[in-house]
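Note on naming: letters A, B, ... go to the chains in the order of the sequence lines (proteins, then strands), and numbering restarts at 1 for each one.
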Amino acid sequence: MPEFRLYNTLTRRVEPFAPADGHTVRMYTCGPTVYNPAHLGNFRTFLFEDLMRRTLKLAGWGVEQIMNLTDVDDKIIRKAAALGTTISHVTEPFTELFHQDRRYLRIEDAEGYPKATAHIPEMVALVERLIAKNVAYEAEDGSIYFAIDRFPNYGQLSQLDKRELRTGARVAQDEYAKENAQDFALWKAAKDEDEATGAAWDSPWGRGRPGWHLECSAMAMKYLGETFDLHAGGIDLIFPHHEDEIAQSEAATGKTFARCWCHGEFLLTDGAKMAKRVGNVANVVELREQGISGTAYRHFVFNAHYRKQLNLGEDSLEQSRAAVRRIGTFAKRLAEATGGTEALVAAASKAEHAFIDALFDDLNAPEALAALFTFITEANRELDTGGTDVAALDRARAAFRMIDGVLDLVPEQEADAELATWVEERIEARKAARERRDFGAADAVRAELVARGISIEDSAQGTRWKRL
RNA sequence: GGCGCCGUAGCCAAGUGGUAAGGCAGGAGACUGCAAAUCUCUCACCGUCGGUUCGAUUCCGACCGGCGCCUCCA
């Protein structure tokens, strides 16, 4: 096994990575704010994290992944207030939808999905620690802020020390209560709207609610320890979210928070960042409606490196759909084959090595995909020769299983029994027509099948069919 | 203004100091009753201009073009 390497935002370099205890990678990934459906851009990040966890397992480690669900924040409260309901009524259905969408994209279950609202005591405790360390202060209204001036390392992740914040723009809209315009809220004093929507809790500083950054620090430390291996998220979270997490966590514990930070780049749509406010979002629901499989979207995402912007263009998904179809056809062929050749073994072994080398080199999924497709071409060539070596075939199957265990790109088989029965019946009718050399009738049957979205192919083993 | 990323074939997209993976689409051929699937062959001088070098798409600089962060936005 080659050494596993990963780009670390903290050092801005690709460097060797391994879990501190040598066995289990403890990783924290920022999850969705559940006030509306997560869009495909959000899922690009979650898919990158899925690839990450599967690759870590391939490297022989265990994975303990925690993904938080932000179920209390300004937008949720605003929405609940507008609907005259509580925040949980807003967040529950979207939490359910998130998991549905996630499964559609075959994103593996994390080991835990803690909710912010279920960890208020932990957050309050963290704030108390920060106050005790004198790095946090209470403002007149009862809100608690973190004083970045009192944390010397502030800015290490985003390289803020090298920045000049644009004067004017930001300062103007900051509350007067802060000592420094860049101080961030750990705890926000409750407003009427918070109380009305069930977004306020008791604390030593009166009623209030946690700041956004606080939840991640509190939950990460609760489930993964004060120091853990990996923290990942979208690139936009580097500043201020992750910077603030580091500040509040390390100021409290005096220890390194996350040993390595990884950030995925954005998904663009027609050249602009996919975002609600830009109005160019697409969701998983739309994917389903258009008959685009989760595997096609996985392919689209994995076809580009996670640290590069990726544009969702006009026929991006169509191209991926076709690519994934090829993988599916191959999977079926491999399953039905009866024997292989010596060259098939060589191809399998080469593919495994190329695949692992690619993924272990900072998750180079495009190159890993190339290894898969090269294997498909070579294996098809061997399968065409009609070998009889069963052990060789098993070897090829094992290689494919390993590869697809990470990429998970074989499209789902049709599970509709009624449709299947009908298709089988039509295929029998066509076979009969062909046997009496009535090709007109045979073609008519095929046209009938195509009209229902079924394509067929004749082979030595009989006629196969699949959905288009 | 500060910080960062990118510009490779019709489209998507890896990669390397010594003349460029893979996918989609396309072209020619094989197979097929016809198809489909599959196989074979085919399709790029890597944004522009300089510099370093025996040699650069790959290093440096400038320029042009695109994108992101600095706004609790993955």
Rounding to an integer number of Å, can you tell me how far [X] [atom1] sits from [N] [atom2]?
X: A:D315; N: B:C11; atom1: CG; atom2: P; result: 10 Å
X: A:D236; N: B:C67; atom1: CG; atom2: P; result: 18 Å
X: A:Q156; N: B:G4; atom1: CD; atom2: P; result: 16 Å
X: A:F43; N: B:A74; atom1: CZ; atom2: C1'; result: 10 Å
X: A:R307; N: B:G68; atom1: CZ; atom2: C1'; result: 15 Å
X: A:L105; N: B:A74; atom1: CG; atom2: P; result: 16 Å
X: A:L268; N: B:C5; atom1: CG; atom2: P; result: 16 Å
X: A:L383; N: B:C39; atom1: CG; atom2: P; result: 10 Å

Tell me, for nucleotides 22-33 of chain B in 5' to 3' order, what letter each nucleotide earns: B for a base near a protein heavy atom under 4.0 Å, S for only sugar-phosphate near one, - for neither? BBB--------B
Charged N-O contact under 4.0 Å between [X] and [Y]:
X: A:R102; Y: A:D109; result: yes
X: A:D443; Y: A:R446; result: yes
X: A:K115; Y: A:D71; result: no

OP1, OP2 of [N] versus side-chain N and O of [X]: anything below 4.0 Å?
X: A:K332; N: B:A37; result: no
X: A:K466; N: B:A37; result: no
X: A:N311; N: B:C12; result: no

In the structure shown, which nucleotide is the Watson-Crick or G-U wobble counterpart of [N], with both distances under 3.5 Å?
N: B:A37; result: none
N: B:G1; result: B:C70
N: B:G7; result: B:C64

Which part of the nucleic acid, if any, lies within reach of A:G41 when heavy atoms closer than 4.0 Å are counted: base, sugar-phosphate only, or nothing?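 Here A:G41 touches the bases of the nucleic acid.
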Report which part of the nucleic acid A:L310 touches: base, sugar-phosphate, or nothing (heavy-atom distance under 4.0 Å, all strands).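 Sugar-phosphate, backbone atoms only, no base.
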Under the salt bridge (Lys or Arg N to Asp or Glu O under 4.0 Å) rule, what pairs show up with a residue in residues 360-375 of chain A, not counting sequence neighbours?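 Found A:R307-A:D362.
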Do A:Y137 and A:D183 get their side chains close enough for a donor-acceptor pair, meaning under 3.5 Å?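 A pair is found: one side chain offers a donor N or O, the other an acceptor, under 3.5 Å apart.
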Do A:R426 and A:E448 pass the salt bridge (Lys or Arg N to Asp or Glu O under 4.0 Å) test, and can you show the C-alpha distance, the side-chain angles, and the key distance before you say yes or no? CA-CA 9 Å; A:R426 294 321 298 161; A:E448 200 181 339; 3.4 Å; yes
Kindly state whether the ring of A:Y306 and the ring of A:Y7 have centres lying under 6.0 angstrom apart.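 Ring centroids of A:Y306 and A:Y7 are no less than 6.0 Å from each other.
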Kindly say whether the aromatic ring centers of A:H242 and A:H263 come within a distance under 6.0 Å.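 So the answer is yes for these two rings.
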Tell me which nucleotide among [options] gets nearest to the side chain of [X].
X: A:Q309; options: B:C67, B:C39, B:U38; answer: B:C67
X: A:M274; options: B:C39, B:A36, B:A74; answer: B:A74
X: A:E457; options: B:A74, B:A36, B:A14; answer: B:A36

If you find the nucleotide of RNA chain B closest to A:I376 and the one closest to A:T33, which residue's nucleotide is nearer the 5' end?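 Its nearest nucleotide being more 5', the pick is A:I376.
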5'-most contact on RNA chain B: A:G271 or A:R464, nearest heavy atom basis?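 Here A:R464 is the residue nearer the 5' end.
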